[in-house]
Colleague: 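Let me give you the structure first, and then I'll get to my questions.
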There are 2 protein chains.
Amino acid sequence: MQPTRERPTLEAVARVAGVSRATVSRVVNGSPKVAEPIRAAVQRAVAELGYIPNPAARSLVTQRTDSVALVLPEAAGRVFSDDPFFPSIIHGVSQELDTADKQLVLMMTNTVAGYERVERYTTARHVDGVLFASTHGADPLPGQLARLGIPVVVTGRPLGRSTVPYVDVDHVGGVRAAVRHLLDAGRTRIATIAGPQDMIAGIDRLAGYRAELAGSDRRSIVAVGDFTRESGQQAMRQLLEDDPLLDAVFVASDLMAHGALATLRAMGRRVPEDVAVVGFDDFEISRYSDPPLTTVRQPILDLGRELARQLLRAIAGEEAAPATILPTELVVRASA
Amino acid sequence: MQPTRERPTLEAVARVAGVSRATVSRVVNGSPKVAEPIRAAVQRAVAELGYIPNPAARSLVTQRTDSVALVLPEAAGRVFSDDPFFPSIIHGVSQELDTADKQLVLMMTNTVAGYERVERYTTARHVDGVLFASTHGADPLPGQLARLGIPVVVTGRPLGRSTVPYVDVDHVGGVRAAVRHLLDAGRTRIATIAGPQDMIAGIDRLAGYRAELAGSDRRSIVAVGDFTRESGQQAMRQLLEDDPLLDAVFVASDLMAHGALATLRAMGRRVPEDVAVVGFDDFEISRYSDPPLTTVRQPILDLGRELARQLLRAIAGEEAAPATILPTELVVRASA
DNA sequence: GGTGGCAGTGAGAGCGCTTTCAGTCCGAAG
DNA sequence: CTTCGGACTGAAAGCGCTCTCACTGCCACC
């Protein structure tokens with residue numbers, strides 16, 4: 001429409017303020033070595049012209065972009081159906097980045113092509129650092145970028161030996177508390193619906209279940225799901241078939257727990273009278289299920305924030321902690 | 001760590017290929033006017049050096065950034081608790097942007113400071129265009145940016161007279177179908193839980209309810225919520241108090257509908273025998289409620305995609321459609 | 001055998017900013 | 001009254017890329 005009014009440049013501001021470009025630059029970037037009256041004059045000129053620095057020009061010379069990428073695997077529907085995990089991560093990351101005045105570039109991938117795009121984009125130094133959330137298996141990209149000297153932080157302890165800094169929650173501790181709760185309540189046949197065994201969250205939660213059970217004389221009864229509601233439904237059926245007399249089940253995710261609840265209801269089991277159920281996540285929805293779900297709370301928002309914080313630290317050149325573990329906590333409601 | 005190996009520049013590639021920078025630039029950008037043998041030589045050099053163009057340098061001269069911003073209001077918890085609306089929008093936008101090889105910069109705001117950041121960032125031409133999702137009331141920023149000549153598209157018909165292009169769903173049509181369904185089933189006292197009246201979605205859905213009811217001899221019974229589960233619970237109590245004999249309720253969002261379901265259960269009403277309930281959204285969760293929720297499906301993913309598509313069109317200089325309306329559809333399940 | 005025209009290529013001028021590096025100007029010290 | 005140092009300021013060199021414009025061959029045409 002409008003002939004896009006010329007955006008003022010440093011040059012223009014310098015002219016108006018009667019100083020050199022260098023001085024304006026110093027004022028804009030808050031250098032301390034500018035005399036007060038001149039600083040004021042420049043600021044007046046900046047305000048008058050509505051000057052805003054051109055980010056491209058700036059990053060061309062500074063080699064910084066003041067933005068970071070958050071890479072999410074766009075795994076089969078999981079990402080954004082009704083699983084609030086990624087949204088919370090995004091939210092947390094965004095909050096933290098805001099305070100540092102950095103931009104958030106979101107990248108979702110599943111296809112090989114998309115993967116390559118991420119690689120190109122990040123190695124092109126289009127961003128100052130990269131965050132990876134919830135990668136399956138042993139993803140090589142984080143390590144690869146790290147080796148190129150690009151700051152990287154991932155969620156979840158990496159599988160295999162990787163030296164990439166990560167942030168995770170205390171899966172094992174949370175699960176053990178959950179299973180202990182079940183044991184303390186006198187439950188004798190405690191089953192579990194585990195998560196995918198190519199993700200650290202799935203692996204660790206199963207390990208926690210086994211570890212706590214090992215201290216008792218109960219045997220383990222295991223079915224595996226993929227964190228989705230359907231898989232929880234399915235796995236619960238399996239479990240009931242394997243041991244019709246089970247009286248408790250620890251489910252490795254809230255969504256699967258809700259699936260399990262549905263199956264139990266369909267099979268005529270009362271919760272918690274016949275079967276106690278404990279989940280893992282503490283999603284909002286679990287406060288409203290019937291019955292409300294006892295679950296292990298993991299601080300996902302904080303996970304996102306911590307993730308960003310560590311990356312910012314690395315970008316600033318500080319040594320990032322190689323590992324940060326956030327606490328989990330059992331939230332007791334009606335289901336167990 | 002590693003002394004960040006020098007990234008090769010155009011210059012380096014030109015030297016290796018034995019041509020000028022201009023020619024390399026042409027090859028990299030796919031200009032057709034380069035002789036085949038030279039093109040091949042350049043491509044070989046590019047591959048050999050692992051050359052990736054510096055985006056900052058490029059956008060400094062082209063005035064393009066190949067990225068667009070998506071602005072979300074970080075309204076009181078709503079954004080990312082367990083409401084999959086924004087996640088779906090993001091997902092849709094992201095998909096469409098991917099195919100155009102553009103980057104997605106996510107910006108969340110609620111504070112005035114954040115708002116100003118968005119303004120600075122977007123007017124600094126840090127992005128090629130801006131998408132706004134679900135703004136409350138008559139937000140001035142979209143119009144303001146549009147006036148600066150920056151491509152903008154918003155979700156939801158803007159309140160007030162604004163000329164900003166928008167994408168929305170057919171709220172009224174969907175609601176009318178829902179209410180008609182209730183009427184056809186012989187329900188006589190049909191109430192509604194409306195959404196916030198400072199959002200077009202809230203306004204239009206209430207209008208649809210009134211419009212359809214106007215064709216019958218039924219009177220309207222209205223309570224207002226804010227799209228959250230809690231407000232739905234609350235509003236349902238209100239409604240039951242206002243008219244203990246109501247036998248149906250159209251709820252303007254699925255989350256509120258689930259709240260209403262909880263209240264109805266608590267008050268001893270059977271659904272759908274005593275009270276029929278219809279929601280609006282068709283979130284994943286509504287397939288699993290007890291009973292499964294009859295609801296109006298709105299294609300949120302498509303909304304996001306269309307949003308991005310319109311913006312890309314505008315960025316490409318094509319005339320964007322001033323308004324795009326996506327269809328809604330009644331999905332009948334057990335609750336009505 | 002000129003003259004045009006065209007396809008392909010290269011030189012060079014920036015895009016708007018940061019950052020040395022070399023002053024300039026003063027007050028303090030000798 | 002020099003001399004020095006400190007505190008500022010400005011000139012200018014790029015950062016890596018695109019794109020105009022001029023130029024070189026070459027072929028077609030009269």
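No experiment lies behind these values; they were computed from the predicted model shown. Order of the sequence lines fixes the chain letters, A, B, ..., with proteins taken first and strands second; residue numbering starts at 1 for each chain. Atoms considered below: every heavy atom in the structure, side chains included; atoms not considered: hydrogens, waters and symmetry mates.
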Colleague: Applying the side chain to side chain donor-acceptor pair (under 3.5 Å) test to A/E96, which of A/R305, A/K102, A/H91 qualifies?
Modeller: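 Running side chain to side chain donor-acceptor pair (under 3.5 Å) over A/R305, A/K102, A/H91 with A/E96 returns exactly one hit, A/R305.
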
Colleague: Quick one: which of D/dG16, C/dT9, D/dT18 gets closest to the side chain of B/V34?
Modeller: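 Among D/dG16, C/dT9, D/dT18, the one nearest the side chain of B/V34 is C/dT9.
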
Colleague: Check the distance between D/dG16's P and B/Q63's CD and give it to me in whole angstrom.
Modeller: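 Atom-to-atom, B/Q63 to D/dG16, this comes out as 19 Å.
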
Colleague: Mind listing the closest non-hydrogen atom pair of B/R157 and B/D168 along with its distance?
Modeller: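 The pair with the smallest heavy-atom distance is N-OD2, 3.0 Å.
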
Colleague: Would you say A/M108 and B/S94 make side-chain contact, with heavy atoms under 4.5 Å?
Modeller: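 Result yes, sub-4.5 Å side-chain heavy-atom pair found.
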
Colleague: What is the separation between atom OH on B/Y51 and atom P on D/dG16, rounded to the nearest whole Å?
Modeller: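 It works out to 10 Å between those atoms.
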
Colleague: Between atom CG in A/N29 and atom P in C/dT20, what is the gap in whole Å?
Modeller: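 Distance, rounded to whole Å: 13 Å.
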
Colleague: Using whole Å, what does the distance between atom P of nucleotide D/dC15 and atom CZ of B/R58 come to?
Modeller: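 B/R58 atom CZ is separated from D/dC15 atom P by 19 Å.
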
Colleague: Tell me which nucleotide among D/dC19, C/dG8, C/dG16 gets nearest to the side chain of B/A35.
Modeller: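 Selected nucleotide: C/dG8.
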
Colleague: Check every strand shown and say whether A/V19 touches a base, only sugar-phosphate, or nothing at a heavy-atom separation below 4.0 Å.
Modeller: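 Counting heavy atoms under 4.0 Å across all strands, the contact made by A/V19 is with sugar-phosphate only.
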
Colleague: Quick one: A/L10 CG to D/dG10 C1', roughly how many Å, whole number?
Modeller: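 Atom-to-atom, A/L10 to D/dG10, this comes out as 14 Å.
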
Colleague: Which is more 5' along DNA chain C, the nucleotide nearest B/V61 or the one nearest B/I38? Just name the residue.
Modeller: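 In this pair, the answer is B/I38.
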
Colleague: Which of the following nucleotides, C/dC17, D/dC17, D/dG10, is nearest to the side chain of A/P53?
Modeller: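 Out of C/dC17, D/dC17, D/dG10, the nucleotide with an atom closest to A/P53's side chain is C/dC17.
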
Colleague: Of the options C/dA11, C/dT19, D/dG16, whose atoms approach the side-chain atoms of B/A57 most closely?
Modeller: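 The answer is D/dG16.
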
Colleague: Please state how far atom CZ in B/R64 lies from atom C1' in C/dG16, giving the value in whole angstrom units.
Modeller: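 Those two atoms, CZ and C1', are 17 Å apart.
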
Colleague: Taking all non-hydrogen atoms of both residues into account, name the closest pair between B/A14 and B/V24 and its distance.
Modeller: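 Closest approach of B/A14 to B/V24, heavy atoms only: CA-CG2, 3.6 Å.
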
Colleague: Looking only at side-chain N and O atoms, does A/T62 come under 4.0 Å of OP1 or OP2 in C/dT18?
Modeller: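 For C/dT18, OP1/OP2 do not have a side-chain N/O of A/T62 under 4.0 Å.
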
Colleague: Picking from D/dA13, D/dG10, C/dC15, which would you name as closest to the side chain of A/R21?
Modeller: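 So the side chain of A/R21 is nearest to D/dA13.
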
Colleague: Which nucleotide, C/dT18, C/dC17, D/dG10, lies nearest any side-chain atom of A/T23?
Modeller: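 The answer is D/dG10, which lies nearest to the side chain.
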
Colleague: In whole Å, I'd like the distance from the CZ atom of A/R125 to the C1' atom of D/dC15.
Modeller: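 Rounded to whole Å, this separation is 15 Å.
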
Colleague: Can you tell me if the side-chain N/O atoms of B/T9 get under 4.0 Å from OP1 or OP2 in D/dG16?
Modeller: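 False: B/T9 side-chain N/O out of range (4.0 Å or more) of D/dG16 OP1/OP2.
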
Colleague: Do we see a donor-acceptor contact under 3.5 Å between the side chains of B/R125 and B/Q63?
Modeller: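 The answer is no; no qualifying pair exists.
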
Colleague: How far does CG of A/L72 sit from OG1 of A/T155, to the nearest 0.5 angstrom?
Modeller: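 The distance works out to 9.0 Å.
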
Colleague: OP1 or OP2 of D/dC15 sitting under 4.0 Å from any side-chain N/O of B/N54?
Modeller: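 So the side chain of B/N54 is outside the cut-off, no N or O lying under 4.0 Å from OP1 or OP2 of D/dC15.
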
Colleague: Would you mind telling me which residue lines up with the more 5' stretch of DNA chain C, A/L60 or A/R26, judged by nearest nucleotide?
Modeller: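 Upstream on the strand: A/L60.
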
Colleague: When you measure from the side-chain N and O atoms of A/S25 to the phosphate of C/dT18, is any distance below 4.0 Å, counting only OP1 and OP2?
Modeller: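 So the side chain of A/S25 is within the cut-off, an N or O lying under 4.0 Å from OP1 or OP2 of C/dT18.
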
Colleague: Give the rounded distance in Å between these two atoms: CD of B/E11 and C1' of D/dT18.
Modeller: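 To the nearest whole Å, that distance equals 14 Å.
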
